[in-house]
Amino acid sequence: MSGKILKKADAFYDVYERKPGADKLTTHYCPGCGHGTLHKIIAEAIDDFGIKDRTIIISPVGCSVFAYYYFDCGNVQSAHGRAPAVATGLKRANPESIVISYQGDGDIAAIGGNNILQAANRGENITVIFVNNAIYGMTGGQMAPTTLLGQKTMTTPRGRNPHNEGYPLRLSELLSTLESPVYIERVALTDAKNVLKARKAVRKAIKCQIENKGFSMVEALSPCPSGWRATPVEARKWIEEKMMPYFKLGVYKDNTKGKEPYIPPKEEFTTSEIEKIIGIAATKGKEEVRIEPPAARYRNPAIKIAGFGGQGVLLLGEALAEGGMRAGYHVTWLPSYGPEMRGGTANCQVIISDDPIGSPLVSAPDVLIAMNRPSLDRFEPDVKKGGLIIFNSSLIDRRPQRADVEVIAIPATEIADNLGNTRVANMVVLGSYIAKTGILTKEAVISTFPIFIKRRDLIPLNEEAVQKGIDWVEG
Amino acid sequence: MEHVLEEVLPRIEICEEECKGCGLCIHYCPPKVIEASPSLNSHGYHPAHYKGEGCIGCGICFYICPEPGAITVYMKPSKGEKR
Amino acid sequence: MARELIKGNEAVIKGAILAGCRAYFGYPITPASEIAHAAAQYLPLVGGTFIQGESEVASIQMVYGAASAGLRAMTASSGPGISLKQEGISYLAGSELPCVIIDIMRGGPGLGNIAPEQGDYHQVVKGGGHGNYKTMVLAPNSAQEMCDLTMLAFDLADKYRNPVIVLADGFIGQMMEPVEFPQARTVEVDKPWAVKGTRETRKNLITSIYLSPEELEEHVRKLARKYAEVERNEQRYEAYRTDGAEVVTIGYGIVSRILHTVVDRARKEGIKIGLLRPITLWPFPKKKIEELTKQVRAFLVVEMSTGQMVDDVKLAVKERKPVHFYGRTGGMVPSVDEIWEKVKAIIG
């Protein structure tokens, strides 16, 4: 009969086949490094919780970039600092997986500072192991955001100076001010007592994720004997004497008791349900109404519609394009956008054509609908000879100067005002255009309203406005 | 005579080829039953070596050791699981 | 056939969902934001994920995570955001992860403006990130193709385990046109390499790091072989009225629509010009251009840039025929008349 055995965890590979070189039995870490200790604690927890198959460890940039040599679980290597974003993608894709983001101080608190902040704030149900050794180990001993004041590194050769580099960043404290994180603790890999506390914390953090409670992070003050030019034992003393007074150990946040588990809903849909949800099923088999073609001079119009923002010129264009499409024409609709969008004006360009449309740009319109004076001033010269200008005479105090075009002057804003809503002036103008040209019927136009007009109770008013425009032209 | 054949528990086993000679187990072992071996392993380290008796099965060397497989601790069956 | 009048940007998302995409991570930017709006609207309703990332840098890495997990995932942005995503794109290519990235181009450099331009060609087609990699690039010129090419992009991405970029200008993104949506697909692409947090995928590793020079060179060579295969198999283009054309115009995106009109006008007047529209910008349709080189007197490349794609045309033509260029920038769009003048000058 034998007792409990503490041995190499099952979550480690027996032989590190991914590790290059002849030695596939020991880690690549320096003697006395804290990474190994943390790896062991994590691996033991994976064993004890029975989550080896579900676990995915993200190896960052830093000394632990090769964590995937050792862990017999899913492994993803990520860009410097981005592990929390990668973890977000992994976890959201498979919420049943257990995602552990293993990061060093430069990775998490410098280059990836915003990534950890935002992942924590989203409350991603992941576990972050933050190894704080106050230095950039892998790249050769440069300053980390957690380098202590006065600490000499390759990039602070005279010691960290608060006037030049600021103060060491306390990430656990910072993140614990956020609402979402569930569990944050700082531990130290020093003597037996603290290592066992670290073990407890790592287990709790992983359990927090298993129980679907949300974001957890353990910050481990970790020895870097090589980077600090200290013996392994001295390095641990240095943590106790230099780091711990500034980076105080303890639990910074713990909502594990009160927090309700949240399991994201897992839904699957059939292809026809998906088509319905994204609104394409409704368009299938919809009847198109062929209408009588208009007089030759009004066919295939390139239309420019312009006015103040808020006069509904984009919507007027959409109604024309949608109506045209339903009548079986080729159509394009292009909003004002870019350099044309200035001075609070809006315009759009609509083409309704018997043939497929090449350029959707309307530089010389057949039809100009001008809802305000700047629009008439600006676009009148561009209208094609023999074209049509419809202008809102309520707001435009001059007639077009062109003698080679047809003109409709319509007091659209006044008509709309009399209907009780100046905003339907666009529909009044639309009515006048279809009445003048016959390009679309009133029915074709109003059949499009349910798409554009969100408030159903306003549809009758818009219909009335179209009719008023028709009446204005037909007298 | 049967109990003579029984394993002496608790005890530790050190895989000397997995040891990097960092000395942490030696430093932190409460009963001080680990020492540095005078011989070198193939990596050029003086590996930790169990003196052969006096282990109390506390597990501290296991957790303090950074190498996943360097130390194995065999605990006593009946005495509690205190680590 | 019934069609839906829809913005190109929205058609992207409907197409993506029909192609089985279930994750979108992005950051807002004009003129690409409608893609994010539509993704936020629809993806959660079909069991998918939408996250507005904290930055483009983060968003592309979320795509990296979801793609690692085997999900069809995407992001979208415009030039300044694509610049930020280049870090992630290099990692995605290096780790051979499939995903789709949409770039709705605006004016640059710097903040430039929000008007349409085609100045991202080099950063997208030549690979704006570090290292020896390629991304496939598809260039739609209609709302319909915004849907269709997004769907194709997911298929190509999975087929080659590589990021695919859909490169469109602001006009193609903002324009509404009728779109006929295909049926939704049940996508079951076998991804035995993915890391899903399951027993079957436990041994898998997603990485772009190959520490030893020998291994990295081997990896880069393997990628190069894949890219060569893509170049052989995937060159796509539309040749419009190139039969007997003396001058072939070349343009993509909104410019190809304008050139279409120019070609029709010229043919009506008996001037023999045609249009070659690259649909894949990488792989560039070199074979077709080589073939046309034998027939034409000259090429005219038109871009909304100071001349980026024209470099690839010149590489394909190999100085055997003159390659003329006309470009506008800053949101200024080359007009039919401007191009017409240029064509007449070339024809003589």
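Basis for what follows: all heavy atoms, side chains included, without hydrogens, waters or symmetry-related copies.
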Which bit of [X] comes within less than 4.5 Å of chain C, counting heavy atoms only: side chain, backbone, both or neither?
X	answer
A/F66	side chain
A/E17	neither
A/V65	side chain
A/E273	neither

Below 4.5 Å, heavy-atom pairs only: which of [options] has the largest tally toward chain A?
options	answer
C/E200, C/E215, C/K7, C/K203	C/K203
C/M62, C/Q61, C/H260, C/R202	C/R202
C/T198, C/I254, C/L71	C/T198
C/D264, C/I51, C/V336	C/I51
C/V63, C/L45, C/L5	C/L5
C/G47, C/P178, C/S208	C/P178

CA sep, side-chain torsions, deciding dist, call: A/I274, C/I17, side chain to side chain contact (heavy atoms under 4.5 Å, CB included): CA-CA 8 Å; A/I274 283 165; C/I17 289 172; 3.6 Å; yes
Ignoring hydrogens, what is the shortest heavy-atom contact between [X] and [Y]? Give both atom names and the distance.
X	Y	value
A/Q118	C/E54	CG-CB, 3.2 Å
C/N204	A/R18	C-NH2, 3.9 Å
C/V46	A/F269	C-CE1, 3.4 Å

At a heavy-atom separation under 4.5 Å, does [X] approach chain A through its side chain, its backbone, both, or neither?
X	answer
C/Q41	neither
C/T49	side chain
C/L211	side chain
C/V262	neither
C/R185	backbone
C/I258	both
C/A23	neither

Could you measure the distance from the [atom1] atom of [X] to the [atom2] atom of [Y]? Nearest 0.5 Å is fine.
X	Y	atom1	atom2	result
A/M325	C/R3	CE	CZ	6.0 Å
C/S142	A/I357	OG	CD1	11.5 Å
C/Q174	A/C348	CD	SG	12.5 Å
A/R82	C/Y91	CZ	OH	8.5 Å
C/K14	A/I277	NZ	CD1	12.0 Å
A/Y68	C/I206	OH	CD1	12.0 Å

Tell me which of these, [options], has more heavy-atom pairs under 4.5 Å with chain C than the rest.
options	value
A/A364, A/P84, A/P360	A/P360
A/N114, A/V331, A/D72	A/D72
A/G74, A/S97, A/G81	A/G74

Just by distance, do the side chain of [X] and the backbone of [Y] share a donor-acceptor pair under 3.5 Å?
X	Y	result
C/T261	A/S359	yes
C/R257	A/G358	yes
A/E275	C/A184	yes

Heavy-atom neighbours of C/Y27 OH exceed 12 at 6.0 Å: no
A/D47 atom CG, neighbour heavy-atom count above 12 within 6.0 Å: yes
Side chains of A/H330 and C/E177 in contact at under 4.5 Å (non-hydrogen atoms): no
Flag side-chain contact, heavy atom, 4.5 Å: A/I280 against C/E4: yes
Residue pair C/Q183, A/T271: steps toward the side chain to side chain contact (heavy atoms under 4.5 Å, CB included) verdict: CA-CA 8 Å; C/Q183 290 189 321; A/T271 51; over 6 Å; no
Inter-chain contacts: residues 86-96 of chain A against chain C, heavy atoms under 4.5 Å: A/V86, A/T88, A/G89, A/L90, A/R92, A/A93, A/N94
Pair C/I209-A/V61, side chain to side chain contact (heavy atoms under 4.5 Å, CB included): steps then yes or no: CA-CA 10 Å; C/I209 188 170; A/V61 169; over 6 Å; no
Audit row: A/I278, C/F181, side chain to side chain contact (heavy atoms under 4.5 Å, CB included) steps and yes/no: CA-CA 11 Å; A/I278 66 170; C/F181 287 101; 6.0 Å; no
